[in-house]
Every structure is written in C-alpha cells, then in structure tokens.
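Because the structure is predicted, anything quoted here is derived from the model rather than measured.
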Amino acid sequence: MSPPTDSAAAPTAPAAPAAPTEPQTPENGPEAAEHAGEPPAPRKSTVRTLLRLWPYVRPVRARLFTAAGVAVTASCLGLVIPLVLKWMVDGPVAAGDPGGVWLGGALLLLLGVAEAGLFGLRRWLVARPLAGVEAAMRANLYSLLQRLPVAFHDRWPSGQLLSRATTDLQLLRMFLAFPLTFLLVNSVTILVGCAILLSQEWTLGLVLLAPVLPLVVLCSLFEARYSLAARTARDQVGDLTTVVEEGVLGIRVIKGFGRHRSQARAFRALSRELRGTELYKARLLAGLLAVIVTLPELALGTALVLGTLQVSEGTLSAGTLVAFLSTALALRWPVESIGFLLAMSQDSATATERHFEVVDTPLPGDTAGPEAAAVAGSAGRPGHGPVPGPGESSAAGEAAPAGKAGPSGKAGPSGKAGPSGAARAAESPPAAPGHPRATVRQEREQRPRAGAPAPSPSPSPAPAPTPAPAPAPVGTAEGGLRFEGVEFRYPDAPPGTPATLRGVDLHIRPGETLALVGATGSGKTTLTALVPRLYEVTGGRITLDGTDITRLPRTRLRELIAVAFEDPTLFSATVGENVLMGADGAGEEELNRALAVAQAEFAHALPHGVRTEVGEQGLSLSGGQRQRLALARAVVGSPRFLVLDDPLSALDVHTEALVEAALRRILSGTTALVVAHRPSTVLLADRVALLSGGRITAVGTHQELLRGDPEYRTLMSGDPAGDPPDRAPGNSSPHGGAPGSGTEGGPAGTAFPTHRGPAGADGGSHR
C-alpha cells in the first residue's frame with residue numbers, strides 16, 4: 001500500500017493535508033508536493049533533527065546522563081543472570097549440591113531486585129527535570145508567539161499552533177524520558193550481549209548475528225516511509241484541532257444557522273483522514289515488528305538445534321548451552337523494541353520539526369537610535385508639551401513607566417499617568433500663542449459649530465517656494481503623528497494586485513484629533529494597524545514627534561500608543577484585569593476614571609463588581625458592554641497617542657452621546673486617530689481625512705468636506721446623488737441636530753441623519 005499523501009516532507013513548514021476546507025499554509029513552510037507538482041523536499045536526518053533539542057536538555061544533562069548510566073547498569077545486570085545459571089548448572093546442579101543451588105537462587109533474586117530498583121531510580125531521576133524541560137519549551141513557544149508579528153498569525157491556523165504547544169511537546173517529553181534513554185541502553189545491552197555470546201561459543205554467536213544485515217536494511221526503509229506518515233498525522237491533528245476550536249468559539253453561529261450537521265460532517269471527514277493515516281502507520285510498524293521478531297526467532301531456533309547437537313557430541317557443556325540460550329533470550333526485548341523505539345523517534349523528530357518551524361521564525365528587529373531615545377524618554381507623559389531631546393529637561397511632571405502590551409496586542413502607556421488629560425488641561429495655564437496645543441485649540445475654537453453660518457473662505461497668497469524642510473524638532477507643531485508616502489501590501493496578497501495603501505500622506509498635529517472616513521474596504525483598519533506596528537509598512541514611513549516608529553523598540557512604541565480595535569477582545573479574567581491591561585501599574589482610581597469615560601460603570605453592578613470574571617472572549621457580556629470595556633482599556637493610561645477603530649459602533653444612541661461627551665474631554669489632551677463611520681463620531685475630531693482607493697483624497701473639517709467633496713457627502717448623509725448641503729433633502733431646520741437627537745448638524749443648518757436605531761437599541765454604522 002502506498003503511503004498517504006504527504007504535503008510537507010520538508011522540515012520548515014506545516015503540511016496542508018486534504019480537507020473539506022483547505023487549511024491555510026504558513027508562508028514560511030514548504031508547498032505541498034502534489035500541489036507544486038514536485039517531489040517532496042528532502043528532510044534532515046532524524047538524529048540531526050533531534051539534536052536541536054540539546055539547548056533545552058543541557059541544563060538537566062547531569063541527571064539525564066546519570067539516569068542513562070543507571071539504566072545501562074541495570075540492563076547489564078540482567079546479562080549476569082545467564083552466567084549465574086551456567087555456574088549453577090555446571091557446578092551445584094551437576095554435583096548434586098543443594099547448598100550451592102540455594103546460594104545461586106539467592107544470587108539470582110538479589111540481581112533481580114537490584115535490576116528493578118535501578119530502573120525505578122532511573123525513572124525518578126528523569127521525571128522532574130524532563131517535566132521542567134517541557135514547561136520551558138512551552139513557555140518559550142508561548143512567549144515567542146506573543147512577540148511574532150500579526151502577519152504571522154494571519155497565515156497560521158490557530159489549531160496548528162495549539163497542537164505544537166500541547167501534544168507535540170508532550171510527545172517530546174515522552175521521547176526524552178523513554179526512547180532516548182533506551183535507544184542507548186538497548187544498544188549497549190545488545191553489544192555486551194553479543195560479546196558474551198561470541199565468548200561462550202562463537203559459532204552459535206555468528207548464527208544469531210546473521211539477521212543483523214537484513215534488519216538494518218529493513219529499518220532504513222521503515223524510517224523513510226514512517227517519517228512521511230508521521231508528519232502527515234501530526235499536521236492532520238493540527239487541522240482537527242483548528243476545526244474543534246472554531247466549532248467551540250463559533251457555537252452561537254453554528255446553532256443560529258442550524259449548521260451543526262455540516263460541521264459534524266467536516267469533523268468526521270478530517271477524523272477519517274487522521275484515522276487512515278494512523279492505520280497506515282500501524283501497518284508499517286506491524287510489518288517491521290513481524291520481521292524483527294521472526295528473523296531473530298529463526299536464528300535462535302537454529303542456534304538451539306546446533307547447540308543441542310554439540311552437547312550430545314560432548315563438545316559443549318550443558319551449562320554453556322543454558323547460559324547461551326538465556327543470554328539470547330535476554331536480548332529478545334532489546335531487539336524487538338527496535339521497531340517501536342524507531343517509530344517513537346520518528347514521531348518525536350516530526351514534533352521537533354514542527355516546534356522549530358515556529359521557533360525559527362525570525363523576529364522583526366528593533367533598533368533605537370538617538371531620536372528614539374528622545375521620544376522614549378518622554379513616554380508616560382500624557383500631556384503634549386515639548387518632548388525633551390538629549391540633554392534637555394522638561395518642566396512637566398513625569399509619570400511612572402507604563403504598561404506593557406497585553407495578550408491582545410493592545411498596548412497602553414505606562415504606569416500611573418497622574419491626573420487625567422482633562423483635569424490636567426483644566427489645571428494648566430493657557431498655552432502661549434504658537435504652542436502646538438494652543439494652535440490646535442485655536443483651530444477648534446475657530447471651527448464653525450453645527451448650525452452656524454459657514455465663514456466665507458478668504459483668498460490667501462500663494463506661498464513662496466521654500467527649500468525642503470529639515471527633520472521636525474521633537475515636540476513642535478511639526479511633530480505629532482505623521483504618515484509620509486506610506487504604502488502597504490499584505491504579505492499573502494497575490495502578485496500583481498494593487499497595494500492596500502498607496503502613497504498615504506497625513507499629518508496629525510500634537511493634541512489634535514483626526515477622524516478617518518472611508519467606504520468599506522478602503523483600508524482604514526489597515527492604516528490604524530500600522531501605527532502600533534502590528535504590520536510593517538512596505539513603503540514610506542510613519543513618525544511620532546518626528547521619529548520614525550521603526551527606530552523605536554516595539555515595547556516602547558506600544559507604551560506610547562493605546563489602541564481600541566473595532567472587534568473588542570476580552571480575556572478570561574476579571575473586568576478590572578481586562579481594563580488595567582492597558583496600563584501597567586494603574587490602580588483603582590485610574591480604573592474607575594476609565595470606566596466612567598467609557599460609560600462602562602455597569603461593571604460595578606455585576607455580581608462581584610470589577611472582580612467579576614467575564615469568561616472566554618467576554619461572551620457573558622453584550623457587544624456594547626465589551627466595546628465599552630475595550631474603550632476603557634485604551635484610555636486607562638492617559639495615552640500620548642490614541643488610535644480608535646470605530647469605537648462606538650455597538651452602542652445605542654443615548655450611551656453613544658454620553659461616551660462622546662466624555663471622549664471630548666479625553667481627546668483634548670491626546671493626539672488621536674479615530675476611524676469613523678457616523679457623523680456623530682466625526683464631530684469628535686478637529687479635522688477629517690477621507691481615505692478612498694488606498695489614498696487620502698481629501699483633508700479638512702467636517703463642514704469643508706461636506707461642502708466640497710461629493711464622496712464624503714455621500715458617506716455622511718447617505719445621499720447617493722451627492723447633492724450639496726444647501727440642496728440636500730431635509731434641509732429644513734435652521735439649526736443643526738443636537739447630539740443624540742438622531743441628526744447631526746451640517747453647515748448652514750443642514751441636518752444629516754445618523755441612521756441610528758430606536759432608543760435602547762444598538763446603533764448601526766455606515767460600512
């Protein structure tokens with residue numbers, strides 16, 4: 001029977017076995033041989049693959065070597081028993097000496113007890129250190145998975161990673177505890193036993209050694225075939241794990257659409273494939289064991305016949321024949337165990353390959369130059385005063401170092417940031433004219449309010465040509481968040497397809513809030529993911545206060561930036577732990593302030609208040625509650641830079657109005673980029689940028705874009721004709737809609753519908 005299709009014979013990637021839904025193949029893995037139309041790539045030898053475990057084993061090598069020595073001693077004691085039997089048969093038994101027989105029996109009992117005790121000592125020696133090795137490998141793998149870029153996780157199915165972190169590592173621990181030791185022990189036992197056999201009667205010893213060559217050839221063939229089957233089986237386990245995980249996490253969708261039968265069919269199909277592969281492995285191993293058992297038994301029978309003839313002829317003593325046969329029988333288990341020891345070694349080599357496919361993934365490099373040190377040195381100051389460069393000092397109070405990124409990848413600024421941005425803004429004296437904060441404040445005050453007459457634009461003289469500007473001094477009005485010719489293409493995008501983002505140029509000044517608006521699929525979420533370096537730009541650069549973000553270590557960058565994603569992710573922890581994940585070292589005061597800003601004070605009414613466990617993914621809460629907790633996590637550390645991806649999409653109209661009012665106070669003290677789909681969210685911003693076709697096509701205030709950009713007007717008003725505001729239907733109110741009234745005021749009193757649902761219902765968003 002031919003081996004099952006192997007889709008990843010090479011050691012550098014997981015396979016993609018056939019399944020009803022073809023699993024995703026990691027970019028750094030080999031292509032399926034059949035899919036590529038090429039033979040499988042050669043794999044490393046089993047020994048070279050398993051030697052990669054040495055760095056993990058080295059710390060416990062003393063106990064492992066001691067255990068191996070104890071096991072070899074115990075096994076060799078077993079070979080002394082035939083020699084005692086020879087002495088008993090040729091001595092006390094032949095002479096009719098009962099005392100000698102009792103002495104021989106006592107000696108045999110002592111040898112048996114010693115052998116059993118030594119094997120028990122071997123197990124005790126390896127149990128604790130190898131459990132530590134497994135735990136260290138698992139911790140190292142998990143830590144690496146947290147540091148690998150999001151693009152890596154986009155390519156790898158979660159089940160493949162779960163199986164590598166669980167069953168594969170358990171298999172490696174079992175290999176280090178048993179097969180590795182007994183491959184050595186049995187090899188030494190066979191060599192010592194063969195030496196004893198040849199010393200007792202070399203002719204009979206050569207008869208027993210006759211099957212060695214055929215067994216070596218057979219084991220070589222078995223290794224080649226079994227390794228392919230083992231790799232396929234391990235990858236199918238990963239695919240099966242993915243299906244189980246998706247079925248559990250998506251149980252509401254499955255039940256809601258009545259798809260449990262189709263999911264069960266898909267699971268059974270994958271289970272049948274895994275069952276077929278395991279049966280093929282069992283047939284291979286059964287064939288090998290049959291030959292390994294049969295050939296030595298035939299050789300032993302032949303040696304028994306020849307030995308009996310020699311005893312009858314008087315050329316061989318009966319005791320020598322008994323000792324010879326006893327030694328040969330003692331070697332049966334070491335020889336017969338070759339099959340399953342080889343099988344377990346192949347399974348372990350496959351698990352080692354799969355483990356190092358992840359471990360060998362290069363981490364993105366982080367470099368930090370002098371500019372990075374200047375920005376990093378100011379981390380934790382939520383205010384937007386000048387950031388001191390090298391050798392400079394800041395009058396602003398500094399906060400304690402801030403939090404690290406949590407498992408979700410959302411990072412908050414560090415530590416306790418002192419008073420909130422709103423309170424600090426109220427307590428601080430007015431900024432001097434020309435200061436970045438004053439500039440933004442003046443623009444905000446000069447912006448026409450909803451329902452007020454729009455000021456007529458006054459012509460301004462054309463600026464004279466100027467030389468290219470030098471890099472912006474950190475903390476000046478030229479700082480803030482800047483996108484310069486940013487381009488991005490997803491790593492798995494087909495060749496020839498246009499980039500997701502093309503030549504994005506955008507500047508968000510310090511203390512300014514900019515709303516990012518665009519149609520579905522225009523790249524808004526992708527652009528926000530580039531700021532905390534969840535993905536790396538493929539062209540251009542992004543700067544924070546004049547410093548390229550690629551020059552900042554990721555940990556420091558994510559301390560400066562807080563993110564609230566469109567799809568809120570909560571963890572199996574308490575409400576407080578989920579929120580405080582956004583700021584390391586924050587306390588009860590910061591927690592309560594963040595919950596108040598996000599209108600998430602419902603947490604205090606939960607059974608155990610903020611110490612209530614929210615369950616896996618927070619599914620015990622509603623969508624709006626999860627979104628408010630995610631928003632609280634983003635603002636808990638009073639971040640310097642805030643990135644919000646449609647943070648109010650799951651809120652009802654009244655809660656949205658309350659959150660917007662609180663957010664206005666927070667945004668007054670931070671530099672923010674907000675993805676918006678509704679006019680109510682847009683009005684939180686000082687300016688608006690329209691993203692269309694992967695480019696920024698317009699930047700201005702909400703009223704300016706409504707007046708001058710038909711695409712923006714269509715997105716905000718829902719008017720497909722894109723009529724100017726003064727001709728748009730419904731322009732009957734002389735005043736703009738009040739917040740929370742269901743309409744938003746445009747220029748010249750135009751009211752634009754927000755398309756929200758009824759009070760108390762979660763509002764939809766323009767997508």
Side-chain angles (χ1 to χ4, degrees), residues 139-153 359-382 384 386-392 394 398-417 471-475 479-484 486 488 508 510 527-563 565 581-586 633-634 636-643 670-671 673:
N140 179 64
L141 180 62
Y142 182 79
S143 175
L144 178 67
L145 290 175
Q146 296 300 305
R147 290 179 289 150
L148 285 169
V150 175
F152 170 88
H153 294 277
V359 172
D360 290 342
T361 303
L363 286 170
D366 281 325
T367 58
E371 297 169 308
V375 175
S378 65
R381 283 191 292 272
H384 284 276
V387 180
E392 298 178 358
S394 172
E398 295 189 8
K404 298 176 182 172
S408 67
K410 301 175 179 64
S414 336
K416 297 184 181 180
V474 177
L481 175 60
R482 183 185 290 273
F483 299 82
E484 299 177 359
V486 170
F488 177 75
I508 308 173
L527 185 65
T528 59
L530 298 179
V531 180
R533 293 183 67 187
L534 301 182
Y535 296 97
E536 295 291 345
V537 298
T538 53
R541 69 172 190 160
I542 302 173
T543 63
L544 294 181
D545 287 343
T547 301
D548 193 328
I549 61 173
T550 59
R551 296 178 62 83
L552 287 169
R554 277 180 170 78
T555 52
R556 176 58 75 186
L557 173 67
R558 291 166 186 172
E559 288 172 357
L560 298 173
I561 300 171
V563 183
F565 296 103
M581 190 177 293
D584 206 18
R633 178 169 54 199
V636 67
S638 299
R640 289 190 57 192
F641 298 93
L642 187 60
V643 177
T670 189
T671 303
L673 175 62

Step-by-step side chain to side chain contact (heavy atoms under 4.5 Å, CB included) determination, F641 to V531: CA-CA 10 Å; F641 298 93; V531 180; 6.0 Å; no
Full working for side chain to side chain contact (heavy atoms under 4.5 Å, CB included) between R558 and L552: CA-CA 10 Å; R558 291 166 186 172; L552 287 169; over 6 Å; no
Counterpart residues, side chain to side chain donor-acceptor pair (under 3.5 Å), relative to E484 (two or more places apart): R541
L363 side chain reached by L148 side chain, heavy atoms, under 4.5 Å: yes
Reported CZ-to-CG distance for the pair R554 and L534, which is rounded to 0.5 angstrom: 9.0 Å
Minimum side-chain heavy-atom gap E559-R640 below 4.5 Å: no
Note, L544 side chain near T671 side chain (heavy atom, < 4.5 Å): no
For A139, all residues meeting side chain to side chain contact (heavy atoms under 4.5 Å, CB included), sequence neighbours excluded: none
Nearest-0.5 Å distance, CZ of residue R482 to CG of residue D545: 11.0 Å
Atom of A634, atom of V563 and distance for their closest heavy-atom approach: CB-O, 3.9 Å
L673 side, atom CG; L642 side, atom CG - distance, nearest 0.5 Å: 9.0 Å
With sequence neighbours excluded, residues passing side chain to side chain contact (heavy atoms under 4.5 Å, CB included) with V486: F483, V504, L530, V537, I542
Set of residues satisfying side chain to side chain contact (heavy atoms under 4.5 Å, CB included) with respect to V359, sequence neighbours excluded: Y56, N140, L141, L144, H355, F356
4.5 Å side-chain heavy-atom contact, L145 and F152: yes
Criterion side chain to side chain contact (heavy atoms under 4.5 Å, CB included) on T528 and F565, from CA distance to verdict: CA-CA 9 Å; T528 59; F565 296 103; 5.8 Å; no
Residue pair G480 / P510: nearest heavy atoms and the distance that separates them: N-CG, 3.5 Å
Verdict with reasoning, I561 to V643, per side chain to side chain contact (heavy atoms under 4.5 Å, CB included): CA-CA 7 Å; I561 300 171; V643 177; 4.0 Å; yes
